[in-house]
Amino acid sequence: MQLPPADRTTSPFTGYTRAHWEAAADSLLTAVEPYASEDRALYHLPGDRTSWSGRLSDGLEGYARTLLLAAFRRDDKALERYADGLAAGVSGVWPRIEDRSQPLVEAASIALALRLTRDLLWDRLDDGVRQRAAAWLGDALTAEAWPCNWELFPVTVGGFLAEIDHEPDASRAAIDRGLERIEQWYVGDGWYTDGDGRKYDYYNGWAMHLYPVLHAWLEDDERLLDLYGARLERHLSDYARLFGGDGAPMHQGRSLTYRFATTAPLWLGALTGRTPLPPGETRRLASGALRYFLDRGAVDDRGLLSLGWHGPDESVLQGYSGPASPYWASKGFLGLLLPPDHEVWTAPEEPAAAERADFVTPVGPPNWLLQATRSDGVVRLHNHGSEDVRYDPYYTRLAYSTVTTPADSYDNSVLVAGDPGRTGIEPLGVGDGWVASRHAAGGGARVTSVVLARGAVEVRAHLVVGAEPGTRVRVTGWSAPDGVRAELLPAAGLDEDLTGVTTGDSTLFVALARLTAETDAAPLAETVTVTASGAEFTAHWSEGPRVRVRLDGAGVTVD
């Protein structure tokens, strides 16, 4: 990918300006064009993988997600090609939008793109094409969505169809239904769970906030924009802390192959004026994430986004991931809707939170504790509230970071009787420097866990209850990538190999952990002293307070 020279005057942290974003968008659009079908209705990107929706749906996905990029870029020539594809697609090429089908997802991208570029694309189409396109999209108004962020796809389609006066009553009904549905999942302080349960990840930003806020903004509905914009603004105060000093987003949750789609809510806040971030920090975070991936092989030698994180990586994929799935990264180019003279493009970059100072930040709704160190820019997420309906390493591990990936060897886990399972997570609270939860583990046991964090150091305690005496317990820590050191030391109840056995109905295990890129950090054992008795322990930080923690059936007490 050929990008302009770095501009270290306006962008001292990343070197990226609007010109870099435009060049990246142009390069991505040019690279996919050879893979369009002759009629341009489908984009069959190369690779052996097919999603569970099949090749035809995957081809539609390629069209829809790259159209969204062309719409944000407002590229006349590219949009002319997509107009040809739209005419062919709605003339019988594209699969119908049916209940819980992938075309419902792609219809939202198409409708949003058409709404954003109405003067450049939709208004120039023949009337017959417009009628057929509206009819194809119209099926999204009544198609059953999966009970999650999918409920917002009919909202997005309905917003466009209502604007062009196609089935206005049905369109408004679809909008009202979807917006009412997500209210059930709003848990406060700017956070949604993605459907029933406790699924907290980037879908908060690139779906749960993106679609309602964009809908309100495009409708010019001040009431809705005040409602959803206020939620977005509150969310961004937490969200901005999920990026490392190297630009990396937190490596947690589903659909990570969308990569710099993580920047969409940052741009959205600037676009709508609903953000707590100064313009220079918004651009620094967004450009940092784009550069992070481009510098690490996200784009292959054909100029295509691969299925993976840096380069190809099947471990971050789901069954719905097809060859074109990574192009939901197009959402990251939302900032191109802002004019070149907008302050988010002209203000000098400002440092990210992880570059300004160390922080340990409680995040209430997901029951997370965020821990960052300025010296190395590493951000760690202590997860005591997110889980999927099944065991998933991207949801159920105790901790994640911007520099690690969940390891095959069950990093950041408590293995009871050899079982790494962590289900039925029950949040027990988060506060100043601590977070706690309880979960079901192997052998019918329940584990109450608490983490204390200060600087780069963690005290991790686990009270195992209900296991047979003599049950083996193993505690694991971070997996260490190149250039980063991971440490784990026993502090109570554990041998040097970080294993122990239960001695009664309840047994406490405590370990010290650290993930750091510092080369001259003090020895871990000297940073904190732990004394434990029964279900209680005290941590005395060498350069800080003494903290007493009690874990019992009633929960966790920290003082």
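Paired with W368 under the rule ring pair (Phe, Tyr, Trp, His ring centres under 6.0 Å), one option of Y400, W434, W191 passes, and it is W191. Of the candidates S53, S255, S51, S255 is the only one forming a side chain to side chain donor-acceptor pair (under 3.5 Å) with Y320.
Residues forming a side chain to side chain donor-acceptor pair (under 3.5 Å) with R49 (at least two apart in sequence, or on another chain): none. When the side chain to side chain contact (heavy atoms under 4.5 Å, CB included) test is applied to E526, the partners found at least two apart in sequence or on another chain are P523. Residues passing the side chain to side chain contact (heavy atoms under 4.5 Å, CB included) test with V501, sequence neighbours excluded: none. Applying the side chain to side chain donor-acceptor pair (under 3.5 Å) criterion to S542, with sequence neighbours excluded, gives no partner residue. The side chain to side chain donor-acceptor pair (under 3.5 Å) check on E151 picks up R181, with sequence neighbours excluded. Among residues two or more places apart in sequence or in another chain, the side chain to side chain donor-acceptor pair (under 3.5 Å) test is passed with D497 by T499. In this view, H251 and W309, Y394 satisfy the ring-ring contact (aromatic ring centres under 6.0 Å, His included) rule, not counting sequence neighbours. Taking the side chain to side chain contact (heavy atoms under 4.5 Å, CB included) definition, one finds that P545 meets it with R454, W541, V547, sequence neighbours left out.
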Residue pair Y258, R65: steps toward the side chain to side chain contact (heavy atoms under 4.5 Å, CB included) verdict: CA-CA 11 Å; Y258 302 159; R65 298 189 179 195; 3.6 Å; yes

CA sep, side-chain torsions, deciding dist, call: H382, Q371, side-chain hydrogen bond (donor to acceptor under 3.5 Å, both in side chains): CA-CA 8 Å; H382 298 285; Q371 175 191 15; 2.7 Å; yes

The test is side-chain hydrogen bond (donor to acceptor under 3.5 Å, both in side chains); show your working for R446 and S506 and say whether it passes. CA-CA 9 Å; R446 295 285 291 174; S506 66; over 6 Å; no

Passes side-chain hydrogen bond (donor to acceptor under 3.5 Å, both in side chains), E458 versus W478? Steps please. CA-CA 11 Å; E458 311 154 33; W478 296 101; 2.9 Å; yes

Take Y228 and M208 through the side chain to side chain contact (heavy atoms under 4.5 Å, CB included) test and state the conclusion after the steps. CA-CA 10 Å; Y228 297 124; M208 306 304 289; over 6 Å; no

If you apply the rule side-chain hydrogen bond (donor to acceptor under 3.5 Å, both in side chains), what do you find for W206 with N149, and how did you get there? CA-CA 10 Å; W206 64 43; N149 67 87; over 6 Å; no

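Closest non-hydrogen pair, R284 versus P351, comes out as CD-C, 4.4 Å. Between T476 and R460, the shortest heavy-atom contact is O-NH1, 3.5 Å. Taking each heavy atom of D99 and A143 in turn, the nearest pair found is OD1-CA, 3.5 Å. Taking all atoms of both residues into account, the shortest heavy-atom contact from A480 to V484 is CB-O, 3.5 Å. Counting all heavy atoms, side chain and backbone alike, T507 lies closest to T502 at OG1-CA, 3.3 Å.
Defined by atom type and a distance below 3.5 Å, a donor-acceptor pair is present between the side-chain atoms of R241 and T361. With hydrogens and angles left out, the side-chain atoms of E61 and S325 include a donor and acceptor closer than 3.5 Å. Remark: the H540 side chain and the T529 side chain contain no N/O donor-acceptor pair separated by less than 3.5 Å. Side-chain N/O atoms of Y292 and H310 include a donor and acceptor closer than 3.5 Å. Looking only at atom types and distance, the side chain of R259 has no donor-acceptor partner in the side chain of T262 under 3.5 Å away.
Identified under the salt bridge (Lys or Arg N to Asp or Glu O under 4.0 Å) test for residues 401-417, with sequence neighbours left out: R397-D411. Sorted by first and then second residue, the salt bridge (Lys or Arg N to Asp or Glu O under 4.0 Å) pairs involving residues 533-544 (not counting sequence neighbours) are E536-R550. Note on residues 500-523: pairs passing salt bridge (Lys or Arg N to Asp or Glu O under 4.0 Å), not counting sequence neighbours, are E487-R514. The salt bridge (Lys or Arg N to Asp or Glu O under 4.0 Å) pairs that include a residue from residues 197-207 are D201-R254, where partners are two or more places apart or lie in different chains.
In terms of modelled atom types and a separation under 3.5 Å, the side chain of N383 and the main chain of S386 share a donor-acceptor contact. Of the possible polar contacts, none joining the S321 side chain to the L317 backbone as a donor-acceptor pair under 3.5 Å is found.
Under the 4.0 Å criterion applied to side-chain N and carboxylate O atoms, D358 and R374 are not assigned as salt-bridge partners.
For Y211 and F153, the distance between ring centers is under 6.0 angstrom.
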